[in-house]
Amino acid sequence: MAYDLIVIGCGLSGLYAGALAARRGKKVLLLARGVGSTHIGAGTIDVVNGDKPTLSLLTRSKSHPYGIIGSQTLKDAVDQFKTICAEHSYPLHGEVGKNFKLPTAVGSTRHACLIPETMLAGNLSRKEDLALANIHGFRDFNAHLAISTLRVQSLIPNLQVIDLHLPSAPFHRDSYATDLAHLFDKPDYRAEVIALWKPWLKDSPKRIGIPAILGLDHSLEAKGHLESELGIELFEIPILPPSVPGMRLFNLLRDDFQNHGGRFIMGPTVTGEIEGGRVVSASADMNGHIKEYKAEQYILACGGFLNGGIIGEMDGTVRESIFNLPIASDRPEGFRKPFGSRGEWTNEVFLASHPYAKFGLSVDKNLRPIDANGKVIAENLFAVGSVLAGADRVNEGSREGIELGTAWKVISG
Amino acid sequence: MKLSTEILILGGGATGLGAGWDAALRGFKTLVLEKGDLAHGTSGRYHGLLHSGGRYVIRDPQSARECAEENQRLRRLMPSAIEDTGGFFVSTPHDPADYADQFIEAARQCQVPFTEIKISEALQREPLLNPKISRAIHVNDASCDSFDALHLLANGVRAAGGEVYLRHRVDQILKDGDRVVGVAGENLATGERFTIYCDIILNCSGAWAGHIASLAGCELKVTAGKGVMIAMNSRLVNTVINRLKPPSDGDIIVPVGTVSVIGTTDTAVPSPDKYSIEDWEIDLMMNEGEQLIPSFKNFRALRAWAGVRPLYDHDTSKDSRVMTRAHSLVDHESRDGVNGLLSMVGGKFTTFRLMAEQLVDKACEVLKTDRKCLTASNILEPSGTKLHSLTKRLADIEHQSPISNPQSPTICECELVTREQIETHLKESRSPILNDLRRDLRLGMGPCQSGFCAYRAAGIIHETLNLSATQSNAQLLQFLQERWKGERPVMWGHSLHSLELNLNIYKTILGVDSLKTEQEVEVYPTERTS
Ligand SMILES: Cc1cc2nc3c(=O)[nH]c(=O)nc-3n(C[C@H](O)[C@H](O)[C@H](O)COP(=O)(O)OP(=O)(O)OC[C@H]3O[C@@H](n4cnc5c(N)ncnc54)[C@H](O)[C@@H]3O)c2cc1C
């Protein structure tokens with residue numbers, strides 16, 4: 001069976017491209033070795049750290065993915081994504097060009113363009129009193145640290161910590177965010193939580209932040225239930241992976257894709273074959289069982305260093321892992337070699353910007369990978385998301401913006 | 001702060017703590033000063049090999065003999081810090097064919113115990129070893145954990161009535177004419193100045209010994225030689241592996257705890273405080289590793305670090321006693337006319353006890369008292385539980401489910417450090433710092449490169465010590481940066497994934513890069529009210 005489109009990779013960009021194509025009636029196959037950065041992200045759509053001028057700087061840059069797709073495409077991509085989320089009753093709030101300022105789990109401030117309803121009340125531009133819940137025995141969120149940082153770094157006058165316990169759960173190991181999220185999906189469990197928490201919240205501020213554990217499948221229901229019974233406003237703060245809000249986005253897009261007839265195979269290691277200027281097939285290796293798939297068009301959404309889409313070797317070479325396409329660094333000379341020496345990939349300061357971050361695929365204006373001479377490598381191959389060169393996603397706060405924007409660009413043309 | 005003591009020891013490495021223990025056991029009022037944390041100097045950055053002596057049998061028979069004897073002693077003295085891995089010397093196809101026979105002859109003469117074993121037996125015990133090896137000789141090498149050993153020694157000093165002060169940096173030596181009478185310096189934890197008077201100073205400051213001597217107006221030519229080591233992600237071998245060839249770079253693999261460490265190199269550097277690790281040094285080590293273990297490069301390199309050897313330029317016209325080629329005891333009275341200062345330079349971790357004995361013997365001579373050394377027959381007992389025995393930690397965690405003890409979740413999953421351990425450690429430590437948990441508990445030393453535990457531990461330290469936000473955050477940032485120093489030289493393959501994950505956690509999710517530094521913070525009440 002031949003497909004119209006094969007998408008390789010199921011991060012935000014791969015899933016979004018798959019869902020958009022499936023919505024347009026295309027026969028789409030999505031192949032992925034494992035989940036992408038949704039599961040370790042904040043579960044928000046970050047477009048840029050900072051304000052409008054910072055964004056327009058990037059959209060005017062020739063080498064940045066935003067510059068290649070343009071600001072209108074970025075805006076349309078984000079709007080369309082909002083529409084899809086709303087259809088799945090998981091509305092996102094916000095718009096391109098504006099940012100919410102939200103508290104982090106250390107109490108600093110992070111910027112996000114689109115945020116789910118579960119994070120809305122955390123908005124630091126609102127000055128009402130705020131409390132964070134320290135959940136007894138839960139390792140991945142420390143309200144004491146966050147609140148004392150917020151006392152120094154925010155302008156909210158009344159900030160408090162509330163120490164809360166959770167009803168006991170039958171864990172034989174330490175719990176992760178996902179463990180608790182599964183519990184919060186259950187109305188019975190929430191009723192126990194409400195009974196336990198109620199006395200402690202009587203005199204506390206009415207705006208209360210908790211780690212992002214508010215249910216995977218029924219988060220808004222969980223939020224509403226707790227809020228009405230406890231008489232508070234509740235918001236989530238993103239914490240250490242696995243990311244519950246990120247998984248909600250993943251599940252939502254996967255469902256959307258499959259509801260529109262898309263086929264999703266998770267698990268195989270994929271390699272692609274290019275012949276005579278065209279991709280001819282993608283091979284999926286499932287524990288030694290190899291199967292070949294063919295399509296008219298292919299989208300490479302395999303992610304960057306984070307997900308194994310790009311690999312930096314000990315001998316100083318950098319390669320793309322599916323088609324072995326040439327990788328560009330942001331140096332003008334361009335390709336394969338001048339990555340300098342391994343020692344130059346990174347900065348000696350951990351939190352600084354690292355040069356390797358901008359390594360990736362160079363593409364033409366239609367997002368087709370090109371070689372050192374600017375020539376398209378395969379006319380039916382497109383690249384989206386974090387495999388693209390020219391952006392320092394962590395530093396710019398642009399990961400999701402690039403993923404959505406480039407996926408939309410390829411599908412909508 | 002003003003104090004006085006009889007014997008004052010500068011440097012809290014193996015040599016200084018060894019000398020402190022020795023002096024305290026002989027009944028001297030003893031104080032050891034160390035500018036960093038325990039194991040801050042070379043002793044905390046060494047290769048971890050308790051030498052059998054095998055490495056020195058051909059080039060330096062006296063060192064070989066000393067190592068062989070001290071090896072046996074230390075096994076009795078501090079059993080809890082030593083893992084009896086045994087060692088192999090093997091001939092790879094790249095090693096000189098006749099070296100094995102020379103080795104055997106020399107080992108016999110130096111009385112370094114050995115047994116030649118069949119290749120099949122060596123390969124059975126170490127399946128990853130190069131199958132093309134042609135000889136294999138078993139020796140008494142062992143792996144010795146420096147953090148454990150130094151904690152034992154510091155406890156030993158205190159138990160014998162002596163004291164060890166950490167974060168006390170000496171920057172002045174006080175003299176009365178030609179006599180050294182004390183030191184002055186700064187308590188780096190509090191910023192306070194201190195003055196300490198003493199009868200004699202033992203300079204055990206390793207690669208920094210030249211600087212200390214210069215404070216007393218003595219010239220001691222000590223230059224620093226850097227050696228690089230790489231920790232590989234797992235125990236590729238359970239036996240120390242050496243090569244049957246003249247000692248050189250990257251020719252030893254030592255299993256230490258959960259990792260195996262390959263080393264080392266030797267390049268002169270301008271200062272013991274300032275050096276970097278170069279790509280070529282890493283490449284050299286990884287390539288040499290392939291000679292011993294053919295798939296070596298396929299395993300993940302976790303982190304790299306370097307230690308500095310003091311390279312002592314013997315001035316034989318001045319030195320009256322050059323003890324051995326391996327370590328030198330310098331009496332600055334006969335050498336420079338400065339009374340009350342002895343320096344011990346060079347040597348090995350393996351021979352620290354012997355060096356300490358010789359040093360304190362000399363001190364007795366100077367102080368005109370006759371007191372016998374007691375260290376050879378004493379045992380250093382671990383206080384409480386052993387610091388980081390991974391198997392014990394696993395057993396503890398398994399038998400204590402989170403239901404029975406929700407207060408003590410596992411904070412570092414790679415090295416199995418619990419909240420309880422961290423809290424206990426913070427309470428017991430005299431100058432608790434997040435970064436020290438790394439050395440003392442192995443927090444953040446595992447494959448996730450502290451991605452998960454750094455945040456968790458920063459919260460715990462904030463709560464336990466009642467720190468301000470600025471203090472806790474500064475500690476978190478420092479911890480992340482310190483970990484990065486070790487990871488950066490081996491940034492390829494899997495480690496790059498990990499780096500991206502950790503940047504994602506700390507910058508994207510936690511936004512630690514926007515934490516304000518001290519100068520920028522707005523003034524708001526910082527006390528915790530709840
Ligand atoms: C790369 C390398 C690998 C090695 N591997 C092995 C091995 O496998 N087996 C083995 O037996 N030996 C090994 N050695 C040798 C061994 O590590 C050293 O001989 C031993 O650790 C030296 O201990 P030390 O106490 O003399 O010095 P250090 O441990 O360096 O102690 C000196 C201390 O003095 C302190 N100090 C300096 N200035 C001041 C001041 N002004 N005020 C207060 N304190 C100060 C320093 O902070 C430092 O902690 C190795 C050495 C190197 C460099």
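In this text the structure is predicted, and so the values were computed from the model without any measurement. Here is how names work: the chains are called A, B, and so on, in the same order as the sequence lines, proteins then strands, and each is numbered from 1.
With chain B as the partner, the residue from Ile311(A), Thr346(A), Asp46(A), Thr149(A) showing the most heavy-atom pairs under 4.5 Å is Thr346(A). Annotation: maximal heavy-atom pairing with chain A below 4.5 Å, among Thr508(B), Ile411(B), Leu480(B), occurs at Thr508(B). Interface check for chain B: of the options His354(A), Glu313(A), His111(A), the most heavy-atom pairs under 4.5 Å are formed by His354(A). Annotation: maximal heavy-atom pairing with chain B below 4.5 Å, among Val349(A), Thr104(A), Thr44(A), Asn142(A), occurs at Asn142(A).
Residue Asp315(A) holds its CG atom at 11.5 Å from CG of Asp279(B), rounded to the nearest 0.5 Å. Leu351(A) CG to Leu503(B) CG: the interatomic distance, rounded to the nearest 0.5 Å, is 7.5 Å. In this structure, the separation between CG on Leu496(B) and CZ on Phe359(A) is 9.5 Å, given to the nearest 0.5 Å. Note that CD of Glu348(A) is 9.0 Å distant from OG of Ser276(B), once rounded to the nearest 0.5 Å.
The number of heavy-atom neighbours closer than 6.0 Å to NE2 of His494(B), taken from other residues, nucleotides and ligands shown, is 12 or below. Counting non-hydrogen atoms of neighbouring residues, nucleotides and ligands closer than 6.0 angstrom, the CZ atom of Arg33(A) reaches no more than 12 such neighbours. The number of heavy atoms from other shown groups lying within 6.0 Å of NZ (Lys101(A)) does not exceed 12.
You'll find the side chain of Arg399(A) reaches within 4.5 Å of the side chain of Asn504(B), heavy atoms only. Contact annotation: the side chain of Phe138(A) never approaches that of Pro409(B) to less than 4.5 Å [non-hydrogen atoms, C-beta and beyond]. A heavy-atom distance below 4.5 Å is not found between the side chains of Asn347(A) and Arg488(B).
Phe141(A) touches chain B through backbone and side chain together, each having a heavy atom under 4.5 Å away. Only the side chain of Leu476(B) comes within contact range of chain A, judged by heavy atoms closer than 4.5 Å. Contact of Glu487(B) with chain A is not made at all, since no heavy-atom distance falls under 4.5 Å. Both the backbone and the side chain of Pro241(A) come within contact range of chain B, each with at least one heavy atom under 4.5 Å from a heavy atom of that chain. Neither the backbone nor the side chain of Leu102(A) comes within less than 4.5 Å of any heavy atom in chain B.
The heavy-atom pair separating Ile509(B) from Arg110(A) by the smallest distance is O-CD, 3.7 Å. Scanning all heavy atoms of the two residues, the minimum distance from His497(B) to Phe305(A) falls at ND1-O, 3.4 Å. Closest of all the heavy-atom pairs between Leu240(A) and Arg456(B) is CD1-NE, 3.9 Å. The two residues Ala352(A) and Lys507(B) have their closest heavy-atom pair at O-NZ, 3.4 Å. Closest heavy-atom contact between Arg342(A) and Met491(B): CG-O, 3.9 Å.
The interface of residues 285-303 of chain B with chain A, defined by heavy-atom distances below 4.5 Å, comprises Met286(B), Lys297(B).
With Ser108(A) as the partner, the side chain to side chain contact (heavy atoms under 4.5 Å, CB included) test is satisfied by one option alone out of Leu515(B), Asp513(B), Val512(B), Leu510(B): Leu515(B).
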Item to check | Check against side chain to side chain contact (heavy atoms under 4.5 Å, CB included), Ile40(A) and Ile505(B) | outcome: CA-CA 8 Å; Ile40(A) 58 169; Ile505(B) 292 176; over 6 Å; no

Next on the checklist: Using side chain to side chain contact (heavy atoms under 4.5 Å, CB included), reason through Tyr356(A) and Leu499(B) one step at a time and then give a plain yes or no.
Outcome noted: CA-CA 11 Å; Tyr356(A) 82 85; Leu499(B) 170 61; 3.6 Å; yes

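With hydrogens and angles ignored, the 3.5 Å screen pairs no side-chain donor or acceptor of Tyr455(B) with any backbone N or O of Arg139(A). The closest donor-acceptor contact from the side chain of Gln481(B) to the backbone of Phe350(A) lies under 3.5 Å.
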